[in-house]
Amino acid sequence: MPTFTVYQLVPHAPAASLVFHFGRQGIGLEETSETLASDSLFAALVVQAAVSERETAADGGPAWAAPFVEGNPPLRHSSLLPTIGGLPLLPRPLLPLRPATDAEVVAKQLKKLRYLSPQLFTAVCQGSSLPLQIIALQQGKVWISEAEARQLPPPWKPANGEPDAAWRARLRTTPLWQVDAIPRVTLDRRSAASAYYEVGRVLFAPGAGLSILVAFTDPTAQTRFERLLTLLGESGLGGKRTNGYGAFAWRRSELTLALPGPHRRAVLLSRYIPTREELALVRDERSTYQFVDVGGWLLAAGGVTSRRKPVMMIAEGAVLAMVDRLPSGRVIDVRPDDTVLHPIYRSGLALAVGVPDEQTAAASGG
């Protein structure tokens, strides 16, 4: 059964909440996403390695990135995923959901659903029926079992003497995160003419935030990863860092998912670029996935900005056929041309969990 090291991002004291600006491709500063994809997180870690370490690889990139590029990663990590009270949420797998017989589930609710608690995620992967008592949060984007919700710290668990109905209603209407736009004004240096604009931000509720799931294949890599994560938290993650966005500290824990083998399919917790050898499994009739077109801008070491080479990636939550081992993926260089003198990495290395086959799920009670 897979066990992950969980790094929960928390605000630096005395701040009570995390604030980020995660821009979305092709959209102005007024829009932001609530999470950051694994390829962007990897790129941010590479920048920290390049700034803080002198050793470089043969291709000109930081030495820390070399084993990832060569296909022997010492670790694999997820995209940034929402967290409530220390409980990491997981992307909804592209698998059938089986609500309890007398549960009232409307099609519109299923369309909104993006994240599941670990218990619900495991049930979906096993093909089991979901528990009867499910609490939908964040306008239906997040589903969590009532049993898990009762184990959360305040203010998420029931208060002393609070009726169950009032507690459930309070949870359903309490946002985990809020996306809003902050007004800004810029002044022209010559004419002093003002121009109004807005910058989007995602503000997490106290006790909520983001987490990274990491699987270490080389335990000695953990110390170096944590050092880079600490540096990233101090410099800030995402955009508009000069406005105070993106700073964080972190806490470490573990998460084990009850998904015993054997496995014939896998669910992605990160974005993914298949290797040439894996393309046949992506095309397999057992695979279900969605593509995401990843582009954007780069800032080279010399301070020059240009557009990155676009790449198609498979999104989190995809279900992929597998034989003997989980999907691997690869790191690619997305610099537009040779005028950029060092590589610009985009990681499509997969962090995935195996989906038990029907016989295994039935034997384990699924």
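Position 1 is the first residue of the sequence, and the numbers go up from there.
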#### Entry: By side chain to side chain donor-acceptor pair (under 3.5 Å) - contacts of Thr173 (at least two apart)
none
### Message
As an exercise, state the distance from CG of Leu171 to CG of Leu152, rounded to the nearest 0.5 Å.
### Response
8.0 Å
### Message
Quick check: is Val6 connected to Leu268 through a chain of hydrophobic side chains (ILVMFWY, heavy atoms under 4.5 Å apart)?
### Response
no
### Message
Grouping I, L, V, M, F, W and Y whenever their side-chain heavy atoms are under 4.5 Å apart, do Leu89 and Val10 come out in a common cluster?
### Response
no
### Donor-acceptor side-chain pairing of Glu316 and Ser79 below 3.5 angstrom
yes
### Atom CZ of Arg335: over 12 foreign heavy atoms under 6.0 Å
yes
### Task
Output the rest of the hydrophobic cluster of Val51: all Ile, Leu, Val, Met, Phe, Trp and Tyr residues reachable through side-chain heavy-atom contacts under 4.5 Å, sorted by chain and number.
Val47
### Task
Would you sort out whether Ser40 and Arg346 count as a side-chain hydrogen bond (donor to acceptor under 3.5 Å, both in side chains), showing the intermediate values?
CA-CA 8 Å; Ser40 295; Arg346 217 67 194 173; 2.8 Å; yes
### Task
Report the C-alpha distance between Gln119 and Glu148 in whole Å, list the side-chain angles of each, state the deciding distance to 0.1 Å, and finish with yes or no for side chain to side chain contact (heavy atoms under 4.5 Å, CB included).
CA-CA 8 Å; Gln119 180 185 345; Glu148 289 169 305; 3.3 Å; yes
#### Entry: Glu34 side-chain N/O to Leu210 backbone N/O, donor-acceptor pair under 3.5 Å
no
### Message
I'd like to know if the side chain of Arg76 and the backbone of Ala350 have a donor-acceptor N/O pair within less than 3.5 Å.
### Response
yes
#### Entry: Test side-chain contact (heavy atoms from CB on, under 4.5 Å) applied to Thr56 - qualifying residues, sequence neighbours left out
none
### Query
Linking I/L/V/M/F/W/Y whenever their side-chain heavy atoms sit closer than 4.5 Å, directly or via other members, would Tyr345 and Val214 fall into one cluster?
yes
### Message
Just verifying a value: how many Å separate Thr83 OG1 and Tyr115 OH, rounded to the nearest 0.5 Å?
### Response
10.5 Å
### Query
Is any side-chain heavy atom of Met312 closer than 4.5 Å to a side-chain heavy atom of Val294?
no
### Task
List the atom of Leu75, the atom of His77, and the distance in Å for their closest heavy-atom pair.
CD1-CD2, 4.1 Å
### Message
Tell me every residue that passes ring pair (Phe, Tyr, Trp, His ring centres under 6.0 Å) with Phe42, counting only those two or more places apart in sequence or in another chain.
### Response
Trp64, Phe68
### Task
Any pair with a residue in residues 249-287 that passes ring pair (Phe, Tyr, Trp, His ring centres under 6.0 Å), sequence neighbours left out, goes on the list, sorted by first then second residue, please.
Tyr7-Trp250
### Query
Distance from Thr5 atom OG1 to Arg252 atom CZ, nearest 0.5 Å?
7.5 Å
### Task
Before giving the answer on side chain to side chain contact (heavy atoms under 4.5 Å, CB included), spell out for Trp177 and Leu203 the whole-Å C-alpha distance, their side-chain angles and the decisive distance to 0.1 Å.
CA-CA 6 Å; Trp177 65 83; Leu203 174 66; over 6 Å; no
#### Entry: Same apolar cluster: Val46 and Leu237, side chain cutoff 4.5 Å
yes
### Task
Report the C-alpha distance between Gln290 and Leu94 in whole Å, list the side-chain angles of each, state the deciding distance to 0.1 Å, and finish with yes or no for side chain to side chain contact (heavy atoms under 4.5 Å, CB included).
CA-CA 9 Å; Gln290 294 178 333; Leu94 296 181; 4.2 Å; yes
### Task
Please name the residue in the list Leu80, Leu255, Val353, Leu257 that meets the side-chain contact (heavy atoms from CB on, under 4.5 Å) test with Leu213.
Leu255
### Message
What verdict does the side-chain hydrogen bond (donor to acceptor under 3.5 Å, both in side chains) test give for Glu278 and Thr275, after you've listed the backbone C-alpha separation in whole Å, the side-chain angles of each residue and the deciding distance to 0.1 Å?
### Response
CA-CA 5 Å; Glu278 292 171 329; Thr275 65; 3.3 Å; yes
### Task
Begin with the C-alpha distance, continue with both residues' side-chain angles, and end with the deciding distance and a verdict on side chain to side chain contact (heavy atoms under 4.5 Å, CB included) for Arg150 and Lys157.
CA-CA 5 Å; Arg150 291 185 179 277; Lys157 70 177 183 180; 5.7 Å; no
### Message
To the nearest 0.5 Å, what is the distance between CG on Leu232 and CZ on Phe225?
### Response
9.0 Å
### Task
State whether Arg330 and Glu70 are salt-bridged, where the test is any N-O pair (Lys NZ or Arg NE/NH1/NH2 against Asp/Glu carboxylate O) under 4.0 Å.
no
### Summary
Scanning both residues in full, the closest heavy-atom pair of Ala63 with Pro67 reads O-CD, 3.6 Å
### Spatial distance of atom CZ (Arg286) from atom CG (Leu281) [nearest 0.5 Å]
7.0 Å
### Task
Say whether Met1 and Leu269 are linked into one hydrophobic cluster, either directly or through other cluster members, by side-chain heavy-atom distances under 4.5 angstrom.
no
### Query
So do the side chains of Pro73 and Thr217 get within less than 4.5 Å of each other, counting heavy atoms only?
no
### Query
Short question: side chain of Gln138, backbone of Leu176 - any donor-acceptor pair under 3.5 Å?
yes
### Check: Ser17 side chain, Phe204 main-chain N or O, donor-acceptor pair, under 3.5 Å
yes
### Task
Measure the CG-OG distance between Asn72 and Ser328 for me, rounded to the nearest 0.5 Å.
9.0 Å
### Task
Answer whether the closest heavy-atom distance between the side chains of Leu81 and Pro88 falls below 4.5 Å.
no
### Query
Got a salt bridge between Arg307 and Asp337, using NZ or NE/NH1/NH2 to carboxylate O under 4.0 Å?
no
### Query
Pairs in or reaching into residues 274-296: which pass ring pair (Phe, Tyr, Trp, His ring centres under 6.0 Å), with residues at least two apart or in two chains?
Tyr289-Phe291
### Task
Could you tell me whether the side chain of Ser52 and the main chain of Gln48 form a donor-acceptor pair under 3.5 Å?
yes
### Query
Thinking salt bridges, do Arg227 and Glu53 make one under a 4.0 Å N-O criterion?
yes
